**Student:** 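Could you have a look at this structure, given as structure tokens, before my questions?
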Amino acid sequence: MPELAEVEYFSHQWDSGLGKPIRSVFLRGEKRIFRGGDPREIPIELTGRKLIGSTTHGKQMMFRFGGGHHLGIHLGMTGAIRAFETRTYDPAKHDHLVLYQAKRVLVFHDPRLFGRVRFSSGGPPNWWTDLPPEVLSAAFTQSALTEYLARHRGAPLKALLLDQDRFPGVGNWMADEILWRAELHPRRSGGSLNREESKRLWRETRQVCRMARKTISPNLDDPPSSWLFQHRWKDGGVCPRTGTGLVRETIGGRTTCWSPGRQPEPRG
DNA sequence: GGAGATGTTTCAAG
DNA sequence: GCTTGAAACATCTC
């Protein structure tokens, strides 16, 4: 499910637990979720520590605890963060991490195990500090994008937009939304864009990220019907701008939706 | 029963 | 060495 705006929404689900200590920790022990680390550290280090802050970066979430402990969560495709106001809670089938506080529980849930939990003691770890510039940061410049497109001149735009090292937080539906607004066919190659098209791509990438945060992050509401988002999954879906039929096909390894009336097929 | 799902990583081919 | 594409991961829903 989650792309940048949804990730922001989920990270706030634990806000009610800010400033309060963890009393105990439940681990399901699914190794895949904690790949690359040893989850047994988590109960040892977090018990008695307060949750003191949270932040997101693209699709990554980071929760800070007292004592310099950091918990990183990636939701993968089906992960979710939840909080329940309760004193007792039996972990559900796909709950992988449950942090018990005095009056609530903070839960990470993920049926498909594509999500990931990382843990680090002693300051922010490299996997957090070395993240690339966010799309809405000042470092995400037009010229950096142009340079990137030139380097990946053979790859389809759809595949490039899913590159988390360059477009952190952009996922499948956001990539389609960006290309639709920029009037660029998803199969256009990185090297085929002229100056004007490259500028449109840059502008719409930022615009979609900005609007997604504004509309989705507060309550996980769906975007308005003027977006491609609302029409892209429906068979027989119609482009809200041209009124003509939408097309779906796999590009860059993912289901891709576009409006042929608006996004002309590349030549050749 | 089969296909596909708003994601990332890894591996191999070009 | 770099770029690109496909498969693998595991479960649920339509």
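Residue numbers start from 1 in every chain, and the chains themselves are labelled A, B, ... in the order their sequence lines are given, proteins ahead of strands. Computed from a predicted structure; not experimentally measured. Atom set for the values below is all heavy atoms of this structure, side chains included, hydrogens, waters and symmetry mates excluded.
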**Student:** Which is more 5' along DNA chain B, the nucleotide nearest A:Arg35 or the one nearest A:Thr255? Just name the residue.
**Tutor:** A:Thr255

**Student:** Mind calculating the distance between CG (A:Asp235) and C1' (B:dA3) to the nearest angstrom?
**Tutor:** 13 Å

**Student:** Treating A:Glu3 as the side-chain partner and A:Asn172 as the backbone partner, does any N or O pair qualify as donor plus acceptor under 3.5 Å?
**Tutor:** yes

**Student:** Between A:Asp176 and A:Arg232, does any side-chain N to carboxylate O distance fall below 4.0 Å?
**Tutor:** yes

**Student:** Are A:Phe84 and A:Tyr89 an aromatic pair, judged by ring center distance below 6.0 Å?
**Tutor:** yes

**Student:** Let's see if you can work this out: which of B:dG7, C:dT4, B:dG4 has an atom nearest to the side-chain heavy atoms of A:Ala155?
**Tutor:** C:dT4

**Student:** A:Ser192 side chain to A:Arg188 main-chain N or O, any donor-acceptor pair under 3.5 Å?
**Tutor:** no

**Student:** When you look for runs of 3 or more Watson-Crick or G-U pairs in a row, both distances below 3.5 Å, which of them include DNA chain C?
**Tutor:** B:2-5 with C:11-14, B:7-14 with C:2-9

**Student:** Could you tell me the separation between the CG atom of A:Asp163 and the P atom of C:dT3, rounded to a whole number of Å?
**Tutor:** 11 Å

**Student:** Please give the distance between the C1' atoms of B:dT9 and C:dC12 as a whole number of Å.
**Tutor:** 22 Å

**Student:** Is the ring centre of A:His70 less than 6.0 Å from the ring centre of A:Phe65?
**Tutor:** no

**Student:** Would you tell me if any nitrogen or oxygen in the side chain of A:Gln164 comes within less than 4.0 Å of OP1 or OP2 on B:dT8?
**Tutor:** yes

**Student:** Distance check needed: C:dG1 P versus A:His152 NE2, whole Å only.
**Tutor:** 17 Å

**Student:** Is the positively charged end of A:Arg82 above the ring of A:Trp14, judged by distance under 6.0 angstrom from the centroid and angle within 45° of the axis?
**Tutor:** no

**Student:** May I have the distance from A:Glu249 (atom CD) to B:dG4 (atom P), rounded to whole angstrom?
**Tutor:** 13 Å

**Student:** Rounded to the Å, how far apart are A:Asn172 CG and B:dA5 C1'?
**Tutor:** 9 Å

**Student:** Nearest whole angstrom, please: distance from the C1' of B:dA5 to the CZ of A:Phe229.
**Tutor:** 13 Å

**Student:** Given 3.5 Å as the limit, does a donor-acceptor pair link the side chain of A:Glu197 with the main chain of A:Asn194, or not?
**Tutor:** yes

**Student:** Would you mind building the protein contact string for nucleotides 9-14 of chain C? One character per nucleotide, 5' to 3', B for base within reach (heavy atoms under 4.0 Å), S for sugar-phosphate only, - for untouched.
**Tutor:** BBBS--

**Student:** Between B:dG7 and A:His74, is there an OP1 or OP2 to side-chain N/O distance shorter than 4.0 Å?
**Tutor:** no

**Student:** Nearest whole angstrom, please: distance from the P of C:dT3 to the CG of A:Leu160.
**Tutor:** 11 Å

**Student:** For a side chain to side chain contact (heavy atoms under 4.5 Å, CB included) with A:His96, tell me which candidate from A:Ile33, A:Ile73, A:Leu27 qualifies.
**Tutor:** A:Ile33

**Student:** Given C:dG5, B:dT9, B:dT8, identify the nucleotide with an atom nearest to the side chain of A:Lys59.
**Tutor:** B:dT8

**Student:** Figure out the CZ/P separation between A:Arg153 and C:dT3, and round it to whole Å.
**Tutor:** 9 Å

**Student:** Contact class for A:Arg254 vs. all strands (heavy atom < 4.0 Å): base, sugar-phosphate, or nothing?
**Tutor:** base

**Student:** Report which part of the nucleic acid A:Gly171 touches: base, sugar-phosphate, or nothing (heavy-atom distance under 4.0 Å, all strands).
**Tutor:** sugar-phosphate

**Student:** When you compare the side chains of A:Trp258 and A:His185, does any donor N or O come within less than 3.5 Å of an acceptor on the partner?
**Tutor:** yes

**Student:** Remember a base hit wins even if backbone is also touched, and classify A:Pro156 as base, sugar-phosphate or nothing at under 4.0 Å, heavy atoms.
**Tutor:** sugar-phosphate

**Student:** Please confirm whether A:Arg241 makes a cation-pi placement over A:Trp180, using NZ or CZ under 6.0 Å from the six-membered ring centre and within 45° of the ring normal.
**Tutor:** yes

